[in-house]
Each structure stands twice: as C-alpha cells, then as structure tokens.
Number of protein chains: 2
Amino acid sequence: MPTVSKEDYIKAIYNTKNSGNGTATTSGIAEKLDVSKAATSEMVQKLSDLGLVDYEKYKGMSLTSEGERVALQILRRHRIWEMFLIEVLGLSWSEVHDEAERLEHSTSDFLIDKIEEFLGFPKFDPHGSPIPNKNFELPDAPLIYSLNEVSIGFSYKISRVLDKSNELMKYFTKIGVALHKEVFVKEILSFDGSVVIQIDGNEITISQKTAGYIFVCMPEGGAIG
Amino acid sequence: MPTVSKEDYIKAIYNTKNSGNGTATTSGIAEKLDVSKAATSEMVQKLSDLGLVDYEKYKGMSLTSEGERVALQILRRHRIWEMFLIEVLGLSWSEVHDEAERLEHSTSDFLIDKIEEFLGFPKFDPHGSPIPNKNFELPDAPLIYSLNEVSIGFSYKISRVLDKSNELMKYFTKIGVALHKEVFVKEILSFDGSVVIQIDGNEITISQKTAGYIFVCMPEGGAIG
DNA sequence: GTACAAATTTAGGTATTCCTAACTTAATAA
DNA sequence: TTATTAAGTTAGGAATACCTAAATTTGTAC
Ligand SMILES: [Mn+2]
Ligand SMILES: [Mn+2]
Ligand SMILES: [Mn+2]
Ligand SMILES: [Mn+2]
C-alpha cells in the first residue's frame with residue numbers, strides 16, 4: 001500500500017532498530033536514505049498519521065506493530081529477490097542488493113510466494129539474513145556473534161554478513177569471507193580493535209567496523225564458550 | 001532514464017503506432033493509460049522537450065528514433081519478464097501482464113540480459129510478441145494475419161495474441177486459444193463480422209473485435225493463399 | 001462559408017516528495 | 001545554571017504527475 005519512499009523509510013527504521021544502534025533518529029534515517037533531515041522529519045510525521053510509526057516530536061520514533069508488519073513484508077521481498085538473483089541467475093554478492101532495492105517495491109505478494117516456492121522455501125538469504133515467511137514471521141535463528149565479540153584462539157563458522165554496500169561485498173569476496181566458511185580468530189589488536197583472522201589459510205586483518213558486519217556461530221552450531 | 005510514467009506513455013505511443021489504428025492521438029493515449037487528456041497533452045509536450053517524441057500542437061505525435069529506442073527497451077523488459085514468469089515460475093497467461101507492467105520499470109538492462117540468457121535467448125514471448133534483442137532490434141517475424149483477414153475453409157496456426165487484459169487472456173484460455181494451436185476457420189458472419197472457428201474439436205464464435213487480437217500463420221509457415 | 005461538435009490545449013489547483021534556510025528544543029560542558 | 005552546540009522541526013519553495021473546468025483549434029455538415 002505505501003509508496004516506494006514510504007517503504008524505504010519504514011525499512012530503514014526497522015533496520016536501525018534491529019541492528020546496531022537500537023534507536024532510530026531523524027539524522028540517522030536521513031543519512032541512511034541520503035535525504036535531508038527536514039524530509040525525514042516530515043515523512044516520519046506522515047507515517048505517524050498513517051499509524052505505521054509511533055512518534056512524538058523531538059522524542060524519536062519507532063514502528064507500530066502495523067509498521068513492523070510492513071517492514072517484514074518488504075524485507076521478505078528484498079531477501080527472496082536476492083536469493084533468487086544469486087541462486088538462479090548467478091549474480092554475485094555485490095550485484096544483488098541494488099537490484100533487490102528496486103524490485104522489492106514492484107513485486108506482488110502473489111509473485112513473491114511463487115518465487116519462494118521455486119526456491120524451495122529458503123529460511124535465510126545469501127547473506128545469512130532471515131527471510132520472513134508468508135505470514136511475515138521470522139524463522140528461529142541460531143545464536144550468532146559479531147567478529148568483535150568472539151573469543152581469541154577459536155574457529156567459527158561465518159553465518160551472516162550485513163550487505164551495507166557493493167564495495168563491502170566485493171571486499172568480502174576478495175578476502176574470502178563467505179557464508180558457511182570457517183574462520184580462525186588469531187588476535188584482536190588492542191589499540192584499534194582490528195580483528196586478525198585466518199581464512200582459506202590466509203591471515204587477514206579486518207577493521208573493527210567491518211568486523212561488526214560479520215557474524216559467526218560455532219562450527220558445529222553449539223554455543224560459544 | 002525516464003520515469004515510470006514517461007516509460008508508460010512512450011510504450012503506449014509505440015503500441016498505438018505499431019498495431020491497429022496507426023496514429024497516436026491525445027485521446028487515444030489518455031484512454032489507454034486511464035488518465036485525462038489534459039495530463040496526456042502536458043506529458044507529450046514534456047516528452048517532446050526531451051527529444052523522445054515529435055510533436056506539433058493539435059497535429060499529433062510520433063516517437064523520435066530515440067523515443068523508439070526507449071520503447072523497444074521497455075518492450076524488451078516487459079516481454080522477457082512475461083516469458084520468465086510463465087516459463088520458469090509457471091504463472092498463467094492472465095497473471096503475467098500486470099506483474100510485468102510494474103517489473104519493466106524496476107529492472108536494469110544488466111539484469112534483463114541475465115534473465116534472457118537464463119531463458120536461452122527466446123525470440124518471442126508467451127503471447128507470440130517479438131522480443132527486442134540486447135541492441136533493441138526486433139527479430140524477423142513471419143507474416144501473420146489477424147483472424148479477421150483470413151480465408152474461410154482453411155486451417156491456420158495461432159502465432160500471436162495481443163494481451164489487452166487479464167479477462168481477455170482468461171477467455172482465450174477458456175476457449176482453447178493458445179500459441180501454436182491449429183484453428184480451422186469455418187465462417188465469418190456477414191452481419192457482425194464474428195468469426196466461427198473450430199479449435200480442439202469445438203466450434204466457437206469469436207466477435208470481430210476479439211478476432212482482431214488473434215493472429216495466425218499457415219500451419220507449415222507458408223504464405224496464405 | 002458558417003456553425004457546431006469533437007479534439008486538444010491551457011489555466012489553475014492538488015498531492016507527493018524532496019530541498020535550503022530559519023527557527024526551536026534538547027543535551028552538554030563549564 | 002547558563003551558554004553553546006547539536007538535533008530536530010517548520011517555513012517556503014521546487015519538480016512531477018495528476019485533476020477539472022475553461023479556452024482554443026480543427027474538421028464537418030449544412
Ligand atoms: Mn540487500
Ligand atoms: Mn528499496
Ligand atoms: Mn504484457
Ligand atoms: Mn508499466
């Protein structure tokens with residue numbers, strides 16, 4: 001029902017809440033969507049009038065349950081498209097996000113259901129992100145940890161990466177970061193938080209910021225001790 | 001480059017020129033796109049300023065060669081999507097057009113090329129319409145005739161239908177009209193131009209208007225005598 | 001050739017979504 | 001607490017794509 005713009009705002013609010021910072025701020029959403037704070041402030045008030053966002057002036061914003069439903073619907077479309085583009089058409093990790101960013105607004109639920117069926121009802125997308133089901137419910141996800149909060153001297157399995165940008169995805173591909181691969185954490189540099197890992201036999205140093213975009217679990221799926 | 005609206009206007013002008021009436025009029029485009037004549041008049045002037053349409057006030061409109069290039073690009077996207085939706089996802093003839101009508105504006109040429117490759121570079125879409133290639137050139141098409149201009153007492157092969165609406169497609173499916181099927185033309189009623197055909201062993205009467213949306217060629221591809 | 005009707009364009013407005021600049025509120029630091 | 005700055009909002013305006021109602025142009029019928 002919402003327009004392309006509204007859908008992108010709602011998704012941005014959802015993603016902010018459910019990853020990292022926690023609170024969605026006017027400035028944060030404006031930056032994420034590359035629009036002015038003024039435009040964001042106006043739009044948030046419109047979304048509030050529509051009952052999709054809880055909002056009090058100067059106090060911050062959060063999705064209503066209806067807004068969250070819409071967010072999950074869009075995430076479902078986005079992630080199913082990314083899955084399709086990679087699994088069926090063979091696009092690369094760095095090519096899918098921008099396509100999905102547009103397709104997510106032009107696809108009926110009917111069509112998304114068909115694609116999901118064609119793909120065999122996957123629970124996670126090619127970045128390891130959970131795909132909401134037909135009823136917009138998220139699958140149970142195993143406990144995962146970012147590479148920043150992990151114990152030194154152990155091996156882990158990469159279970160999710162955040163597709164923040166094409167460039168990041170290209171970088172991941174280049175250094176060998178891919179889903180289900182094993183990484184050994186050698187060291188975390190005390191002075192800047194960089195994480196030194198071993199992957200495919202190569203030793204690689206990843207900045208703290210980028211390490212925060214890589215999530216891992218225990219190789220056998222057990223809890224991290 | 002053009003917006004969704006502009007793309008749909010350009011496509012409407014192209015389709016009017018290349019099927020039936022010939023000349024694109026303000027009223028005709030307005031009706032086809034379900035907008036006011038005023039909106040159409042304004043938009044045509046804008047498209048003229050953009051160099052996509054040749055236009056002189058009160059005199060009518062036609063696409064420039066650049067406009068035609070854009071039209072073929074959009075037709076290419078539309079038809080490849082329809083092919084994909086039917087061949088790969090198994091949607092029905094009546095379900096694909098509306099989806100393609102939206103997807104055609106949200107798909108990069110890069111992605112369309114990938115889908116085309118996945119489909120094996122088809123030359124015609126599921127309605128028998130030609131698919132422009134990567135360079136926006138139409139394939140050579142065999143001579144075809146509408147069911148209105150065909151000789152009585154002969155058999156033909158259905159080689160193209162115009163997907164004017166979902167309802168028309170459902171009707172075609174219901175009465176057995178499908179690509180590559182054989183029809184025997186029994187009679188054309190003198191008083192209203194209805195065409196009486198035999199298809200799948202059933203005798204069916206089709207109105208003159210609807211017959212104009214069905215195109216056939218000789219069963220072996222020869223010329224119609 | 002005029003008068004009328006149909007087709008088309010223009011005038012004046014609305015709704016979206018965005019902008020910059022100005023203003024207001026909240027947070028912080030001395 | 002108070003000054004300063006950061007964050008957020010409002011004011012005023014632009015671009016797009018529509019609309020209805022009022023011209024205007026064109027073509028046709030007498
Ligand atoms: Mn993505
Ligand atoms: Mn998007
Ligand atoms: Mn179609
Ligand atoms: Mn369209």
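Values reported hereafter were calculated over all heavy atoms of this structure, with side chains retained and with hydrogens, waters and symmetry mates removed. Residue numbers start from 1 in every chain, and the chains themselves are labelled A, B, ... in the order their sequence lines are given, proteins ahead of strands.
Residues A/Glu101 and A/Lys11 are paired through a salt bridge, judged by an N-O separation under 4.0 Å between the basic side chain and the carboxylate. Looking at B/Arg76 and B/Asp109, no side-chain N of the basic residue comes within less than 4.0 Å of a carboxylate O on the acidic one, giving no salt bridge. Classification of A/Arg79 and A/Glu82 as a salt-bridged pair fails, no side-chain N sitting under 4.0 Å from a carboxylate O.
In the model, B/Thr23 has no side-chain atom that pairs as donor or acceptor with a side-chain atom of B/Lys17 under 3.5 Å. Between the side chains of A/Thr3 and A/Ser5, no donor-acceptor pair is found at a separation under 3.5 Å.
The phosphate of C/dT8 has OP1 or OP2 within less than 4.0 Å of a side-chain N or O from B/Ser27.
Rounded to whole Å, atom C1' of C/dT16 lies 16 Å from atom NE2 of A/His105. Whole-Å rounding puts the A/Leu50 CG to C/dA15 P distance at 14 Å. Between B/Met61 atom CE and C/dA7 atom P there is a gap of 14 Å when expressed in whole angstrom units.
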**Request:** Using a 4.0 Å heavy-atom cut-off, write out nucleotides 9-20 of chain D from 5' to 3' as B (base contacted by protein), S (sugar-phosphate only) or - (no contact).
**Result:** BB-B----SBBB
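Residue-environment remark: CG (B/Asn135) exceeds the threshold of 12 foreign heavy atoms within 6.0 Å.
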